[in-house]
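Notes to accompany the following structure.
In what follows, every chain begins at residue 1, and chains take the letters A, B, ... in the order their sequences are listed.
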Amino acid sequence: MAMNKLESIFEKFINKSSIFLNHEVLRHDFIPDELPHREEEILKFGEILAPSLRGLKCSNLFVYGKTGTGKTAVARYVLRQLQKKSLELNRKVTICYVNCRTIGTEYRILSSMCSAIGVKIPFTGLATAEVLKRFKTRINDLNVSFIVALDEVDVLVKNHGDDMLYALTRINEELSQSKVSVIGISNDLYFKDMLDPRVISSLSEEEIVFKPYTAEQIKDILLQRVRLAFQPNSFPESTLNFCAALAAAEHGDARRALDLVRVAGEIAERKGEKIVREEHVQEAQRKIEHDRVFEVLSSLPLHSKILLYSAYMLSKNNNEATTGSLYDVYRVLCERFNVEALTQRRVNSLLTELAMLGILDARIVNLGRYGRTKKIRVNVSEETFKKVFSTDERLKFLGLSGK
DNA sequence: CTTCCACCGGAAGTACCGGTAA
DNA sequence: TTACCGGTACTTCCGGTGGAAG
């Protein structure tokens, strides 16, 4: 019986779905052959990078715009075309794309730049300056145009400052053969305020700003992908409009829209339906949010979880948690756990991190005579919360599932 | 008006880890 | 082997602060 059900799940998968044609095109890292409503940006991008094909140094470029406005897609698209063209014409252009959120340190960024030109660098052990030196020596021998795209540079600068950017923008002064150009991509519109003026002026020789998509534009984007991704007629226009409207409400985030489409499709498929409807999209929206929270929560370090649990307990007793009261509860819990409690300073930092992840609301409030503190409110549904805590071995004996 | 609470949050330092170079 | 590197996670120290109480 159970076996039959399991088998039918596998069967469904193998017999190609009734809804999807090609699931891949809805993934984040998929770059379509055409990027609707970004022609202008693509052309400008191309114009700026074109000199590299003639062995000239191209201007450094600074790109900014909110999430899901197509910055990354355009950048990768243009770079791919450029690479293709350079091979056709037999010109030496080397491209290195780095996402500074995933590769978040100066050392590792430099080391991926090195590997782009075939220099092997150990993943730790060297001085950063040494890695830069090796990069310089090698690249000078190669006589190439080198283009680094630093996606989400704001993350790098927030954590490690702009020293590396400075070094990169000045690197050409020490090179006689090759040229290095830098493309900085940022979600944060106020990113420039964090930079040294010298870095700003050399990094933003050129600038491209990506505006959020309108609902109409998102609709076009979705239309293009839906045609590739779904069986004909299984994703009606009304459903598509609904997705576009939802995403447009969230500052025109195309990535969000594609997520909605993909997950809604998966839900419809799992229910064995042939057509994706609005209710599937609504369910998708809930699922995406739930998954996100669950994912973030379960990957949290132990102390953050205990902290969260403390806040949860306080809110259950109708006490508004302040840093102080929360810390008291936290210490008691740690003792019960046989875990050494962290200092309040550290706890405060963890709290700010949790707040940034959107798991907590932490407002700083002034109570005059009674000091200044953070008011903390947990932002997670009880259901999600229980699920996370009952799946963590170390927290099990709290017996949360029983309560 | 001043005082002063209960914390905030920056800066610097410590310990450890996994690694290289000579 | 020794000296040193960067990254992470944490501690210690401490100056700073908005506004109710006095």
Side-chain angles (χ1 to χ4, degrees), chain A residues 98-115 118-138 150 152-168 190 193-196 296-308 310-311 314-315 319-335 337-357 359-378 392 394-395:
Chain A
V98 181
N99 184 309
C100 302
R101 189 187 295 279
T102 37
I103 307 191
T105 65
E106 298 186 352
Y107 185 94
R108 290 212 279 265
I109 290 169
L110 285 171
S111 109
S112 24
M113 284 169 58
C114 283
S115 77
V119 177
K120 279 191 83 180
I121 294 291
F123 72 88
T124 175
L126 294 182
T128 309
E130 171 65 20
V131 182
L132 185 62
K133 202 178 113 197
R134 291 186 189 188
F135 175 78
K136 278 186 205 165
T137 339
R138 175 84 174 117
L150 301 172
E152 308 196 59
V153 247
D154 45 320
V155 178
L156 172 75
V157 174
K158 265 170 209 156
N159 298 328
H160 303 276
D162 58 3
D163 293 352
M164 199 192 75
L165 282 182
Y166 182 71
L168 278 182
Y190 301 101
D193 299 345
M194 297 184 286
L195 294 176
D196 185 300
V296 173
L297 243 58
S298 33
S299 61
L300 245 32
L302 179 64
H303 282 283
S304 301
K305 281 184 182 170
I306 300 177
L307 220 43
L308 217 51
S310 314
L314 277 169
S315 73
N319 292 323
E320 232 191 325
T322 62
T323 310
S325 63
L326 184 73
Y327 189 64
D328 291 341
V329 176
Y330 161 82
R331 286 235 308 251
V332 174
L333 274 179
C334 281
E335 205 168 316
F337 254 115
N338 231 357
V339 175
E340 192 100 358
L342 301 174
T343 54
Q344 188 167 340
R345 177 68 188 85
R346 180 61 188 147
V347 163
N348 185 29
S349 299
L350 291 179
L351 242 32
T352 331
E353 278 170 34
L354 289 173
M356 277 204 296
L357 290 169
I359 299 170
L360 291 177
D361 276 349
R363 267 183 317 126
I364 299 174
V365 283
N366 283 294
L367 274 14
R369 190 50 159 226
Y370 306 107
R372 195 165 187 251
T373 186
K374 274 184 182 144
K375 287 251 170 151
I376 295 140
R377 224 187 57 222
V378 188
D392 190 318
R394 299 165 299 184
L395 293 163

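- With B:dT20, B:dG18, B:dC8 as the candidates, the nucleotide lying closest to the side chain of A:Thr323 is B:dC8.
- The nucleotide whose nearest atom lies closest to any side-chain atom of A:Thr128 is, among B:dC8, C:dG6, C:dG19, C:dG6.
- Here B:dC8 presents its C1' atom at 12 Å from CD1 of A:Ile376, a figure rounded to the nearest Å.
- Within the 4.0 Å cut-off from OP1 or OP2 of B:dC8, not a single side-chain nitrogen or oxygen of A:Thr352 is found.
- At the phosphate of C:dG7, OP1 or OP2 sits under 4.0 Å from a side-chain N or O atom of A:Thr105.
- When distances run from any side-chain atom of A:Arg346 to the nucleotides C:dA9, C:dG19, B:dT20, the shortest one goes to C:dA9.
- One can place CG of A:Leu342 at 11 Å from P of C:dT12, the figure rounded to the nearest angstrom.
- To the nearest 0.5 Å, atom CG of residue A:Leu351 and atom OH of residue A:Tyr327 are 12.0 Å apart.
- For A:Arg108 and A:Ser112, the side-chain atoms include no donor-acceptor pair closer than 3.5 Å.
- One finds no side-chain N or O of A:Thr124 lying less than 4.0 angstrom from the OP1 or OP2 phosphate oxygen of B:dG18.
- Remark: P of C:dA9 and CG of A:Leu300 are 12 Å apart, rounded to the nearest angstrom.
- Dashed line: the shortest gap from a side-chain N or O of A:Arg372 to OP1 or OP2 of B:dA6 is not under 4.0 Å.
- Spacing between atom NZ of A:Lys133 and atom C1' of B:dA21 amounts to 12 Å, rounded to whole angstrom units.
- Atom NZ of A:Lys375 and atom P of B:dC7 are 11 Å apart (whole Å).
- When all heavy atoms of A:Ile103 and A:Ile109 are compared, the pair lying nearest together is O-CG1, 3.5 Å.
- For A:Thr343, a side-chain nitrogen or oxygen approaches OP1 or OP2 of C:dT11 to under 4.0 Å.
- Between A:Tyr370 atom OH and C:dG18 atom C1' there is a gap of 15 Å when expressed in whole angstrom units.
- Counting only N and O atoms by type, the side chains of A:Lys375 and A:Thr323 include no donor and acceptor under 3.5 Å apart.
- Taking the side chain of A:Arg369 as heavy atoms from C-beta on, and the options B:dC4, B:dG19, C:dG6, the nearest nucleotide is B:dC4.
- For the pair A:Ile364 CD1 and B:dG10 C1', the computed distance is 14 Å after rounding to whole Å.
- For A:Leu126 and B:dC17, the CG to P distance is 21 Å, given to the nearest whole Å.
- Under 4.0 angstrom from either OP1 or OP2 of B:dG9 there lies at least one side-chain N or O belonging to A:Lys374.
- Ranking C:dC10, C:dC13, C:dG7 by closeness to the A:Arg345 side chain, first place goes to C:dC13.
- When the nearest nucleotides of DNA chain B are assigned to A:Gln344 and A:Arg134 by heavy-atom distance, the more 5′-ward of the two goes with A:Gln344.
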**Report entry** Residue pair A:Arg134, A:Glu130: steps toward the salt bridge (Lys or Arg N to Asp or Glu O under 4.0 Å) verdict
**Finding:** CA-CA 6 Å; A:Arg134 291 186 189 188; A:Glu130 171 65 20; 2.9 Å; yes

